[in-house]
There are 2 protein chains.
Amino acid sequence: MPANWMTTLDTPFLLIEKSKYLRNIERLYSRIHALGSVVRPHLKTLRSIEAASYLLAQGDSPSTVSTLAEAEAFAAAGYTNLLYAVGIAPHKLARVAALMAKGVNLHILLDSEPQADAIAAFGKEHGLKFSVFIEVDCDGHRGGLPPHSDELLTLARLIEASGSTLTGLLAHAGESYSCRTDEAILAAARAECAAIKTAGDRLRAHGYACPILSVGATPTAHFADDLSGITEVRAGVFTTFDLVMKNVGVCRLEDIAISIVTTVIGHNKEKGWVFIDAGWMALSRDRGTAGQSQDYGYGLVCSLSGDHYENLLVTTTNQEHGIIALPPNAAFTVENFPVGSRVRILPNHACATAAMHLQYQVLSDDGQGHEVWQRIVGW
Amino acid sequence: MPANWMTTLDTPFLLIEKSKYLRNIERLYSRIHALGSVVRPHLKTLRSIEAASYLLAQGDSPSTVSTLAEAEAFAAAGYTNLLYAVGIAPHKLARVAALMAKGVNLHILLDSEPQADAIAAFGKEHGLKFSVFIEVDCDGHRGGLPPHSDELLTLARLIEASGSTLTGLLAHAGESYSCRTDEAILAAARAECAAIKTAGDRLRAHGYACPILSVGATPTAHFADDLSGITEVRAGVFTTFDLVMKNVGVCRLEDIAISIVTTVIGHNKEKGWVFIDAGWMALSRDRGTAGQSQDYGYGLVCSLSGDHYENLLVTTTNQEHGIIALPPNAAFTVENFPVGSRVRILPNHACATAAMHLQYQVLSDDGQGHEVWQRIVGW
């Protein structure tokens with residue numbers, strides 16, 4: 001039976017099942033601890049102080065953010081060990097400096113000489129020394145320097161010559177989201193570790209301490225089998241999972257802790273369409289499962305209690321309308337979804353769906369209680 | 001030259017060029033007035049009191065909203081003639097009633113007997129009479145009743161028997177967004193008008209006054225050639241336009257009043273990639289041009305002054321990263337986009353991109369000044 005409040009709160013709303021959320025965290029944390037490393041969770045998925053409290057045991061527990069708005073909000077909440085894991089834009093250094101002045105250990109990321117020059121110039125002008133990570137490319141996915149590149153050593157020299165500290169290296173196996181087998185994810189995890197260790201070994205051979213080697217993506221974090229020498233592992237979407245991660249093979253449908261609760265607002269009986277009040281404003285435009293083994297449209301339909309219907313998808317969305325097109329030979333008709341009844345939609349991509357909401361309605365781990373978590377917004 | 005504030009405000013941010021915004025409004029309003037009808041603008045694109053002030057001359061000017069959150073915010077700002085153009089969910093009637101109690105003329109929409117029964121029951125219990133529109137299906141796009149259906153008359157009877165008023169009919173040529181020629185849009189516009197007039201004639205022949213016939217979609221509103229008998233025309237995205245509308249043929253690139261200002265944060269020289277700090281969080285996941293004549297990826301790149309680069313697109317997005325992949329044989333290299341420089345991105349779909357932002361930075365119509373418009377959020 002769904003909690004009473006889930007039947008009365010206005011729709012659409014984003015639901016977090018706390019019992020699953022906590023279970024997902026315990027699963028990854030115990031796995032990474034058993035391999036001798038620690039998790040530096042990426043807080044970008046839910047961007048929520050309340051959500052982060054279950055990820056960060058202490059104020060100085062390591063964490064990762066994707067915007068300075070997050071850094072400022074988590075710092076205000078007492079978290080002081082924050083890695084801003086997007087390449088630094090020079091004009092953002094003033095906000096970084098303001099957080100450092102408050103005692104926050106805010107690590108910044110770069111992979112180019114103009115960025116290293118910018119922090120040197122800013123640091124000189126303001127008498128500041130930054131804590132810097134260099135991004136290492138492990139799979140050609142996005143940014144970062146190849147581990148064997150000369151530029152890696154050049155950047156290390158520029159950073160430390162300017163008085164800042166080369167705190168660590170960061171690698172992100174972004175291509176692992178496209179893996180189709182467990183073996184491929186394991187290979188991606190090994191390659192991610194190998195790349196960063198190669199880069200770290202080179203820097204250390206040249207006399208740079210570079211104490212932190214930071215790897216991670218949710219798929220590789222769940223498949224890595226050897227983290228020796230790896231200081232920390234980053235992952236974000238693992239707390240809630242989603243249909244993309246289910247397709248990648250990192251979780252089961254029943255592990256997905258995030259869904260959208262929506263109300264049926266109409267039918268087209270002839271076409272077998274059910275209209276719901278969750279369009280792309282509530283679900284997001286993310287179609288991350290489109291190129292995967294199973295395409296879930298704009299999401300998989302579940303009962304309000306959370307049991308999923310086989311092959312029942314949100315097939316189309318407009319801004320505030322979703323259309324659930326019943327599949328041919330379905331075991332049910334539109335009458336199974338009367339006007340005013342409620343269903344839940346498992347999303348393709350938790351980060352994108354959460355981004356459409358200012359707050360999350362949380363089903364307490366007793367399965368009845370109601371909490372509300374706020375989202376940090378903006379940049 | 002871009003305004004000075006556009007070079008210093010932190011990125012990414014959403015920019016509205018007010019001169020284009022006002023020109024787009026004038027274009028549609030004068031066109032619809034010349035055809036003898038009026039515009040009931042759909043406020044869902046920007047969801048902003050400040051933006052609406054240029055669309056609504058008076059407090060009782062007709063307008064359209066997509067959520068009750070919008071209705072409540074626009075009502076609080078003094079706007080009293082609001083059509084909530086999403087099929088009513090029975091549980092939402094209490095919020096509708098609360099607005100009616102404040103003197104707001106809030107019209108609701110339905111297309112089914114369970115909805116008509118729900119308003120009858122709620123109205124009886126609370127001594128309330130609603131102002132109701134019935135949705136008419138003109139193109140099989142989404143909801144609504146066929147104009148010749150018996151159910152149309154049944155619903156009219158149920159509405160008026162319960163003491164509520166059948167204020168009007170609503171049709172929306174949603175399929176017109178998929179048109180590929182001007183002739184096809186004109187045909188869609190004529191079909192939209194024909195469907196609603198057929199339905200209106202039938203109701204009036206049965207004694208229902210049904211005073212309002214409301215049609216509209218941005219493409220059909222710009223191509224309709226005969227609005228005789230059509231009380232009002234709804235359109236939303238026409239104020240800003242976007243790349244989808246450019247592809248449909250309703251506007252030119254230089255009419256698009258909305259863009260995202262972003263900073264270059266890195267390069268992959270070998271691959272010809274430029275990294276920017278606008279990912280899908282700033283641009284949205286909308287890929288509305290993917291199936292159109294010209295696929296713009298995640299958006300078309302322009303200089304900060306607004307001049308677009310031929311074929312230069314945001315080709316990939318992550319949450320806070322965008323990648324501009326230079327096309328083969330491009331007339332420029334990544335060095336043309338140094339770290340720290342700024343570009344603007346024209347979005348695929350204005351409604352979806354605006355939804356990612358809490359406020360809009362507005363370039364005054366003098367081309368220099370700076371205004372900030374707030375977005376209404378939530379449901």
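Quick note on labels: first sequence line is chain A, next is B, and so on, each numbered from 1.
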Option in [options] with maximal non-hydrogen atom pairs under 4.5 Å from chain B:
| options | answer |
| --- | --- |
| A:Asp111, A:Thr263, A:Asp286, A:Val339 | A:Asp286 |
| A:His267, A:Met356, A:Gln359 | A:Met356 |
| A:Thr316, A:Leu68, A:Leu110, A:Asn318 | A:Asn318 |

Shortest non-hydrogen contact between B:His321 and A:Gly87, atoms and distance: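 Between these two residues, the closest heavy atoms are NE2-N, 4.4 Å.
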Shortest non-hydrogen contact from B:Gly340 toward A:Pro90: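 Heavy atoms of B:Gly340 and A:Pro90 come nearest at CA-CD, 4.1 Å.
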Proximity of residues 136-145 of chain B to chain A, residues having a non-hydrogen atom under 4.5 angstrom: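 So the qualifying residues are B:Gly140, B:His141, B:Arg142, B:Gly143.
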Residues forming a side chain to side chain contact (heavy atoms under 4.5 Å, CB included) with B:Thr317, sequence neighbours excluded: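 Here the qualifying residues are B:Trp280, B:Leu283, B:Arg285, B:Tyr298, B:Val314.
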Engaged part of [X] at the chain B interface, taking heavy atoms whose separation is under 4.5 Å:
| X | result |
| --- | --- |
| A:Pro12 | both |
| A:Lys44 | both |
| A:Ser66 | both |
| A:Ala282 | both |

Between atom [atom1] of [X] and atom [atom2] of [Y], what is the distance when rounded to the nearest 0.5 Å?
| X | Y | atom1 | atom2 | answer |
| --- | --- | --- | --- | --- |
| A:Cys351 | B:Met281 | SG | CE | 10.0 Å |
| A:Thr67 | B:Glu320 | OG1 | CD | 6.0 Å |
| B:Thr45 | A:Gln319 | OG1 | CD | 6.5 Å |
| B:His357 | A:Trp379 | NE2 | CH2 | 4.0 Å |
| B:Asp277 | A:His91 | CG | NE2 | 6.5 Å |

B:Ala118 portion near chain A, given a 4.5 angstrom heavy-atom threshold: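 When you check distances to chain A, no heavy atom of B:Ala118 falls under 4.5 Å.
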Neighbour count above 12 (heavy atom, 6.0 Å) for A:Glu270 CD: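 Count not over threshold, so no.
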B:Lys271 atom NZ, over 12 foreign heavy atoms within 6.0 Å: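 Correct, the count exceeds 12.
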Top of [options] for chain A proximity - count of heavy-atom pairs under 4.5 angstrom:
| options | result |
| --- | --- |
| B:Ala355, B:Ala352, B:Ser112, B:Gly266 | B:Ala352 |
| B:Asn268, B:Thr11, B:Val264 | B:Thr11 |
| B:Val377, B:Asp10, B:Leu358, B:Ile88 | B:Asp10 |

Heavy-atom donor-acceptor pair, B:Gln115 side chain to A:Ile265 backbone, under 3.5 Å: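 Here the side-chain-to-backbone pair exists.
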